[in-house]
Amino acid sequence: MSSITTLKEKLSTPTLHLALLALATGGVWPLLWLYKHQDTIMQETGQRFSSSVLIIWMAVCFGLGAFLRPYSMPRIDEMNYIHTPVVMIALTFLLSVACGVLYIVWAFKARAALQRYALMQFQLDLKMNVFYTLAFSVFYVSYCINALPDALAKQQILRGQAQPQQPGMQATAEQPSQPSPSQPTE
């Protein structure tokens, strides 16, 4: 049986790093992250919820949208008439929407797999916000993966279950002493 931190350790990507790299690369990094880590997530959760074809379609929509964006800008000719390429604007918009929808589809599938994994493996009722999944898709899934250990610890506290003591922490209550095997008992 795997530990609650196994998936987080396998991915080893803080959500802040994912968001900053997405900003620095103009949105390309989340596609690369998904392509690299999707199989790890599916292997650890034990559920095949997506395929690499979905990510390839995301990349195609993202790439074509970025390629066509300069052609969708209004142009001024020598007579000072503005020509608006309506077809290119519509095509660029549709490609951007398609990419966003594919991200959301992936995020909701990953959300369901992650919730099932947490429930079946660790008896953790993982609450994942629908709005945040819709708004932040990949970033929110990454955040929830990184927050799994904290969510389990919180649930154990609420249920009144004893938590395993972490190294370096002092016990708050003294345990009754047990006689050692070398000491005779009365």
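Nothing here was measured: the structure is a model prediction, and the numbers come from that model. Numbers here simply count residues along the sequence, with the first being 1.
With rounding to the nearest 0.5 Å, the separation of CD in Gln47 from CD1 in Ile41 is 12.0 Å. Note that the OG atom of Ser12 and the CG atom of Leu7 stand 10.5 Å from one another [nearest 0.5 Å]. With values rounded to the nearest 0.5 angstrom, Leu23 atom CG is found 10.5 Å from Leu18 atom CG. A distance of 10.0 Å separates OG1 of Thr92 from CE of Met73, quoted to the nearest 0.5 Å. Atom CZ of Phe136 and atom CG of Asn129 lie 9.5 Å apart (nearest 0.5 Å). Residue Ser142 holds its OG atom at 10.5 Å from NZ of Lys8, rounded to the nearest 0.5 Å.
Side-chain contact between Tyr140 and Thr15 is absent, with no heavy-atom pair separated by less than 4.5 Å. Residues Trp29 and Leu20 form no side-chain contact, since every pair of their non-hydrogen atoms from C-beta on lies 4.5 Å or further apart. Side-chain contact between Leu126 and Arg111: absent, with no pair of heavy atoms (C-beta onward) separated by less than 4.5 Å.
Criterion: ILVMFWY side-chain heavy atoms under 4.5 Å apart, direct or through other members. Under it, Leu158 and Phe122 are not part of a common hydrophobic cluster. In terms of hydrophobic clustering, with Ile, Leu, Val, Met, Phe, Trp and Tyr side chains grouped at heavy-atom distances under 4.5 Å, Met128 and Phe108 are assigned to different clusters. Following chains of ILVMFWY side-chain contacts shorter than 4.5 Å, one can reach Leu54 starting from Phe49, so the two form part of one hydrophobic cluster. Using a 4.5 Å cut-off between side-chain heavy atoms of Ile, Leu, Val, Met, Phe, Trp and Tyr, with links allowed through other members, Ile104 and Tyr132 fall into different hydrophobic clusters. In the hydrophobic cluster analysis, where Ile, Leu, Val, Met, Phe, Trp and Tyr join through side-chain heavy atoms closer than 4.5 angstrom, Val101 is grouped apart from Val53.
Evaluated for a side-chain contact (heavy atoms from CB on, under 4.5 Å) with Arg48, the options Lys109, Met42, Gln43 yield exactly one hit, Met42. Just one of Thr5, Thr6, Leu124 meets the side-chain contact (heavy atoms from CB on, under 4.5 Å) condition when paired with Leu148; it is Leu124.
Asp150 is linked by a side chain to side chain donor-acceptor pair (under 3.5 Å) to nothing, counting only residues two or more places apart in sequence or in another chain. In terms of the side chain to side chain donor-acceptor pair (under 3.5 Å) criterion, residue partners of Tyr117 (sequence neighbours excluded) are, by chain and number, Glu44. By the side chain to side chain donor-acceptor pair (under 3.5 Å) test, Arg116 pairs with no residue at all, sequence neighbours left out.
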Could you pull out every donor-acceptor pair under 3.5 Å between side chains of residues 30-38 and any protein atom, sequence neighbours left out?
unit_1 : atom_1 : unit_2 : atom_2 : d
Trp33  : NE1    : Thr13  : OG1    : 3.1
Gln38  : OE1    : Ser50  : OG     : 3.0
Gln38  : OE1    : Trp106 : NE1    : 2.7
Gln38  : NE2    : Ser51  : O      : 3.3

Distance-only donor-acceptor hits, side chain of residues 55-69, under 3.5 Å, sequence neighbours excluded:
unit_1 : atom_1 : unit_2 : atom_2 : d
Arg69  : NH2    : Ser96  : OG     : 3.3

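Closest approach of Ala22 to Phe139, counting heavy atoms only: CB-CZ, 3.8 Å. Across every non-hydrogen atom of Leu114 and Cys144, the tightest pair is CD2-CB, 4.1 Å.
Among residue pairs with one or both ends in residues 20-34, none qualify as salt bridge (Lys or Arg N to Asp or Glu O under 4.0 Å); sequence neighbours excluded.
Surrounding OH of Tyr143 are at most 12 heavy atoms belonging to other residues, nucleotides or ligands under 6.0 Å away.
A donor-acceptor pair under 3.5 Å is absent between the side-chain atoms of Ser137 and the main chain of Thr133, judged by distance alone.
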